[in-house]
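When a residue number appears, it is its place in the shown sequence, counting from 1.
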Amino acid sequence: MEKTRKIRCFTTFIILIILIIILLIMNVCIGTVHISFKAAFATLYDHSDRVGRIVWDIRMPRAIAAMILGGALALAGYLLQTFFHNPIAGPFVLGISSGAKMIVALLLGNAIRVSSLAMIAAAFLGAMLSMGFVLIISRKVSSMSMLVVSGVMIGYICSAVTEFVVTFADDSDIVNLHNWSRGSFSGMTWDSVGVMSIVVGITFIFVFLMSKPLMAYQLGESYAVNLGVNIKRIRVLLVLLSSLLSACIVAFAGPISFVGIAVPHIVKSMLKSTKPIYMIPACFLGGAVFCLFCDLLARMMFAPTELSISTVTAVFGAPVVLFIMIRRSKEKNV
């Protein structure tokens with residue numbers, strides 16, 4: 001049985017890596033200007049011409065950003081589901097992304113120019129504020145549905161404030177602020193990719209080092225305490241790391257819906273395992289695949305008009321959430 005499980009996990013990782021490579025190539029080659037794989041590969045040696053600039057200044061940083069932020073979003077969702085012991089907890093549903101969006105919008109809407117790290121810090125502050133309200137509410141209600149409804153209400157309040165800021169923003173900022181508030185990977189630069197790589201990479205390492213304590217935490221707090229796990233420290237780290245990942249995503253791409261909920265469940269069904277040592281890297285890879293695929297559809301479905309990334313992720317992610325809720329309801333009735 002253990003050997004079969006390891007083979008399945010290995011196969012899952014191979015499939016996810018192959019899908020990332022294929023989708024990365026497709027995102028680079030497919031667009032309003034079609035570029036053959038041979039021509040795209042040739043830009044590795046010389047990207048001073050028009051094709052090279054399209055590949056290396058526009059499409060490649062966008063594709064890599066979609067990989068990094070998609071993986072971070074799925075990982076944030078997994079951490080929140082572990083923290084709340086709730087299968088439909090996620091940054092978007094619980095209003096954490098909306099809180100981060102609100103604080104960033106207040107900066108951008110007032111024409112305040114800040115660095116990428118300052119944007120992440122502002123988004124982190126907003127995420128922590130929303131997370132604080134969610135934690136307070138979670139202590140007052142025991143129902144999963146009530147927690148989700150509370151998170152949605154927090155999200156609506158933050159979104160209302162954001163829309164107010166967008167409405168009264170300077171004309172020169174309205175277009176960019178509106179596009180960002182709907183979620184998009186467009187306009188990514190190598191500087192942005194560098195910053196997000198460092199932030200997400202360091203956070204991923206911290207999360208992966210928590211694999212063993214998380215495994216014990218999943219089996220129950222009493223069990224974890226008996227194994228010597230510091231529950232308070234684990235809970236604080238889960239809140240901080242999930243909020244930091246959510247902040248990084250919102251700062252660069254705006255709020256993106258349903259990825260944080262859907263991907264961990266899809267990955268879990270592929271692995272047939274809930275062990276964090278497998279789930280953490282698999283969630284990251286799965287999120288990268290999901291966002292690369294959705295971003296390609298967002299760019300090409302109605303080209304040259306580009307859809308917001310949240311529009312596409314909702315189409316694929318929302319059915320997964322509905323399926324989870326229906327299945328949980330049936331399990332309770334049995």
With sequence neighbours left out, write down each residue that passes ring pair (Phe, Tyr, Trp, His ring centres under 6.0 Å) with Phe316, or none if nothing qualifies. Phe293
Closest contact, heavy atoms only, Val55 versus Pro61: O-CD, 4.1 Å
Are Val259 and Leu322 connected into the same hydrophobic cluster when the rule is that any two of I, L, V, M, F, W, Y join if their side-chain heavy atoms are below 4.5 Å apart? no
Student check: side-chain heavy atoms of Met128 and Val239 closer than 4.5 Å: yes
Do Glu306 and Ser186 make a side-chain contact, defined as non-hydrogen atoms from C-beta onward lying under 4.5 Å apart? yes
Ser192 and Thr189 side chains, donor-acceptor separation under 3.5 Å: yes
Can you get from Met215 to Leu75 by hopping between Ile, Leu, Val, Met, Phe, Trp and Tyr side chains that sit under 4.5 Å apart? no
Are the side chain of Ser159 and the backbone N or O of Gly155 linked by a donor-acceptor pair below 3.5 Å? yes
A side-chain contact here means heavy atoms from C-beta on lying under 4.5 Å apart; do Met188 and Leu69 qualify? yes
Please check if the side chain of His265 supplies one atom and the backbone of Val320 the other of a donor-acceptor pair under 3.5 Å. no
Could you state whether Leu271 and Phe208 fall into the same hydrophobic cluster, counting links through intermediate Ile, Leu, Val, Met, Phe, Trp or Tyr residues with side-chain heavy atoms under 4.5 angstrom apart? yes
Side chain of Arg8, backbone of Met270: donor and acceptor closer than 3.5 Å? yes
Is it true that the side chains of Ser246 and Ser243 contain a donor and an acceptor less than 3.5 Å apart? no
Counting C-beta onward and ignoring hydrogens, is there a side-chain heavy-atom pair between Val267 and Tyr278 closer than 4.5 Å? no
Under 3.5 Å donor-acceptor, Asn27 side chain and Leu23 backbone: yes
Kindly say whether Thr32 contributes a backbone atom to a donor-acceptor pair with the side chain of Arg299 at under 3.5 angstrom? no
Is it true that the side chains of Ser308 and Ser310 contain a donor and an acceptor less than 3.5 Å apart? no
Would you say Tyr217 and Arg235 are linked by a side-chain donor-acceptor pair, where the criterion is simply a distance under 3.5 Å? yes
Please report the interatomic distance NZ(Lys268) to CE(Met279), rounded to the nearest 0.5 Å. 5.5 Å
Taking the side chain as C-beta and beyond, is there a heavy-atom pair between Trp56 and Leu44 under 4.5 Å? yes
Could you work out, with ring pair (Phe, Tyr, Trp, His ring centres under 6.0 Å) as the rule, every residue matching Phe258, not counting sequence neighbours? none
Determine, using the 4.5 Å side-chain heavy-atom cutoff (strictly less than), whether Ile137 and Leu94 are members of one ILVMFWY cluster. yes
I need the Phe185 CZ to Arg62 CZ distance, nearest 0.5 Å. 8.5 Å
Would you say that Leu237 contacts Leu79 through its side chain, given a criterion of any heavy-atom pair below 4.5 Å between the two side chains? no
Is it true that, when you exclude Leu135 itself, more than 12 heavy atoms of the residues, nucleotides or ligands shown sit nearer than 6.0 Å to its CG? yes
Would the distance check show the side chain of Arg59 and the main-chain N or O of Cys29 forming a donor-acceptor pair, the cut-off being under 3.5 Å? yes
How many angstroms lie between CD1 in Ile22 and CD1 in Ile17, if you round to the nearest 0.5 Å? 12.0 Å
